[in-house]
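Input: a single structure, listed below in structure tokens.
All of these numbers come straight from a predicted model, not from anything done at the bench. Chain A is the first sequence line, chain B the second, and so forth, proteins listed ahead of strands; every chain is numbered from 1. When reading the values below, keep in mind they use all heavy atoms of this one structure, side chains included, and skip hydrogens, waters and symmetry mates.
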There are 2 protein chains.
Amino acid sequence: MIITIDFGGTNIKIGLVDQGKIVGRSNLPSYSDKGMIVRLSDVEQEIKVLLKRQGSSISDCSGLGIATPGLVDVENCVILSINEKYSDAVGFNFQDWAREAFSLPMVLENDARAALLGEIAYGVAEGEKDAVLLTFGTGIGTAVIMNGQVVRGKHSQAGILGGHFTTDVYGNECNCGNLGCLEAQAGHWALSYSVKQHPTYFNSVLSKCSSLGYSDIIEAAQQGDQVGVDVLEGLLNHWSAGIVNMIHAYDPETVILSGGLMKASDFIVPILRERVRQRSWTPWGDVKMVVANDPDVSVLLGLASLVCEE
Amino acid sequence: MIITIDFGGTNIKIGLVDQGKIVGRSNLPSYSDKGMIVRLSDVEQEIKVLLKRQGSSISDCSGLGIATPGLVDVENCVILSINEKYSDAVGFNFQDWAREAFSLPMVLENDARAALLGEIAYGVAEGEKDAVLLTFGTGIGTAVIMNGQVVRGKHSQAGILGGHFTTDVYGNECNCGNLGCLEAQAGHWALSYSVKQHPTYFNSVLSKCSSLGYSDIIEAAQQGDQVGVDVLEGLLNHWSAGIVNMIHAYDPETVILSGGLMKASDFIVPILRERVRQRSWTPWGDVKMVVANDPDVSVLLGLASLVCEE
């Protein structure tokens with residue numbers, strides 16, 4: 001059995017995985033504004049409760065996998081750089097923690113890479129050797145596999161920064177220090193900025209939303225709200241450009257779309273598929289575009305497959 | 001000895017390479033608006049003259065390497081997609097030609113990849129294992145090496161399309177079918193479009209240039225011409241964004257800059273270096289930025305190193 005933990009911005013998802021199946025699940029609130037490290041004792045406790053509930057114990061487990069957003073040093077199990085809320089975890093020795101808490105070996109991986117591995121091992125892209133994943137959550141995470149090998153690069157940061165390719169050189173400041181990143185133009189955290197910039201914002205139904213999500217904008221657009229229509233059109237252009245950039249960068253057979261935005265996949269994906277088909281330069285044929293079934297599960301299963309590899 | 005041929009838009013460069021040194025050189029005009037295939041008999045003739053001049057013959061040669069712009073199928077020595085002028089060469093069987101003309105085995109490679117290989121084997125990035133190259137010529141070509149392996153991807157097109165990452169989602173139509181590609185915003189072929197869009201174009205010294213080059217814009221900007229200043233600022237933003245995107249995509253230690261623009265490297269590179277340093281997300285340290293010494297030579301030497309590998 002393998003213990004897997006996914007540190008999301010809203011929830012910490014914990015899973016017990018056995019033979020590629022989730023046999024136990026639990027969620028804890030992240031309280032991410034308080035940091036990550038302060039949550040570790042609760043996580044440890046919750047895992048022990050979960051094991052007990054399964055009639056298992058640590059001695060039935062062969063390893064532990066942790067996924068986090070941001071840049072991770074996979075070799076040394078250390079977070080190199082992460083969003084502000086979790087910044088207390090940069091440089092923290094997760095290996096020591098796993099050894100002390102569970103006496104288990106561990107792997108640390110970027111969450112989008114873990115999701116991709118899950119989709120390749122058990123999900124919508126099973127067995128694919130050349131694929132990219134984009135996950136549209138608070139930010140826009142990406143990950144890449146080429147010729148059956150996960151792309152990590154010299155400093156563990158290749159493939160995961162597709163949300164930080166500039167898609168509008170005249171665009172917004174990003175939290176990474178760059179200008180006009182895909183994520184700063186069309187990620188969840190940037191939505192309210194895009195909406196408030198619109199000249200007729202105060203006439204829009206969106207001016208009444210206290211916290212804006214992808215679904216609010218899609219609904220407003222479908223109701224004919226001009227701000228909704230215009231902002232959605234901009235988002236679709238950025239999302240398509242982001243996908244085309246990933247195709248041009250990594251030459252995949254398949255693009256996997258994931259994250260909260262995919263709740264609206266019936267509406268969004270046909271539009272993205274058509275724009276990407278028109279704009280990508282792939283004389284060999286068209287890239288397949290598929291939607292992840294259950295993003296949370298992918299991350300946990302991907303982590304388990306990583307632990308098994310180690 | 002290895003025969004190497006670089007099909008550029010203006011010149012066809014031919015080199016005889018022995019032990020990593022160019023021992024014979026010749027240039028032919030491309031007449032690229034007439035296509036590539038029609039030039040092959042002249043190229044064959046020129047190679048034979050060049051060999052004779054060296055006191056050598058085909059029997060002293062072990063192989064032949066050809067570099068072209070565009071997308072190439074390296075395995076089958078076939079061009080998949082290329083700019084309009086050379087489009088007659090798509091699908092042409094170069095292997096048959098090399099066999100008939102010289103009875104030699106051959107390799108075909110994208111010109112930016114060949115340039116990168118030359119820089120790695122004998123040039124400014126000797127021995128580097130993780131590097132990206134951007135070459136600013138008529139278009140903007142790119143190439144990538146990761147962990148000592150040239151990045152080619154499933155359909156031979158990974159790493160070479162950095163000029164076709166969208167850097168302005170609201171930008172110009174590109175000749176590849178995409179919108180706002182780096183190359184459509186800041187490549188040589190797009191310069192006159194950017195200049196003519198400027199509201200005060202007709203008051204600018206640049207309105208008097210019959211064919212605009214990078215150097216005209218740099219000179220105009222240095223003389224305080226407002227169109228020159230504004231267009232150059234836009235170009236610098238796009239070039240920096242293009243470099244940052246390559247860094248975020250491939251996680252290199254070193255960025256190699258090449259192509260005609262580098263004639264102005266003393267002026268341009270310090271500005272690019274500073275903007276890229278500010279905008280790239282590399283918590284491990286700063287990416288090195290180096291300038292190719294002699295781009296033409298790099299392509300020929302890179303081809304020779306490829307032939308040797310085969």
With chain B as the partner, which of A:G162, A:G171, A:A158, A:G234 has the greatest number of non-hydrogen pairs under 4.5 Å? A:A158
Can you name the nearest heavy-atom pair linking A:M146 to B:G153, along with the distance? CE-CA, 3.7 Å
Count the heavy-atom pairs under 4.5 Å between each of A:N147, A:D73, A:T142, A:L179 and chain B, then report the option with the highest count. A:L179
Chain A-proximal positions within residues 277-286 of chain B [heavy-atom distance under 4.5 Å]: B:Q278, B:R279, B:W281, B:T282, B:P283, B:W284
Between B:R152 and chain A, with a heavy-atom cut-off of 4.5 Å, which part of the residue counts as in contact: side chain, backbone, both or neither? backbone
Which heavy atom of B:N245 sits nearest a heavy atom of A:H164, and at what distance? OD1-O, 4.3 Å
Ranking A:L71, A:N237, A:L80 by heavy-atom pairs under 4.5 Å to chain B gives rank one to A:L71
With chain A as the partner, which of B:C176, B:A249, B:C174, B:S81 has the greatest number of non-hydrogen pairs under 4.5 Å? B:A249
Mind telling me whether A:F165 and B:F165 have parallel, tilted or perpendicular rings, with 30° and 60° as the class edges? parallel
Side chains of A:N178 and B:V244: closer than 4.5 Å at any heavy-atom pair? yes
Distance only, no hydrogens: is a donor on one side chain within 3.5 Å (strictly under) of an acceptor on the other, for A:H248 and B:Q157? no
Heavy-atom distance under 4.5 Å to chain B: side chain of A:V144, backbone, both or neither? neither
Are the side chain of B:Y250 and the backbone N or O of A:G159 linked by a donor-acceptor pair below 3.5 Å? no
Counting only heavy atoms not in A:E274, do more than 12 sit closer than 6.0 Å to its CD atom? yes
Relative to chain A, which of B:D130, B:V90, B:T167, B:V151 shows the most heavy atom pairs under 4.5 Å? B:T167
For A:E233, I'd like to know if atom CD has over 12 heavy atoms of other residues, nucleotides or ligands within 6.0 Å. yes
Between the CG atom in A:D168 and the CG atom in B:D168, the distance rounded to the nearest 0.5 Å is 5.0 Å
So, taking the atom named NZ in A:K154 and the one named OG1 in B:T254, what distance separates them when rounded to the nearest 0.5 Å? 10.0 Å
Within the distance-only criterion (no hydrogens, no angle test), does the side chain of B:D251 pair as donor or acceptor with the backbone N or O of A:H155 below 3.5 angstrom? yes
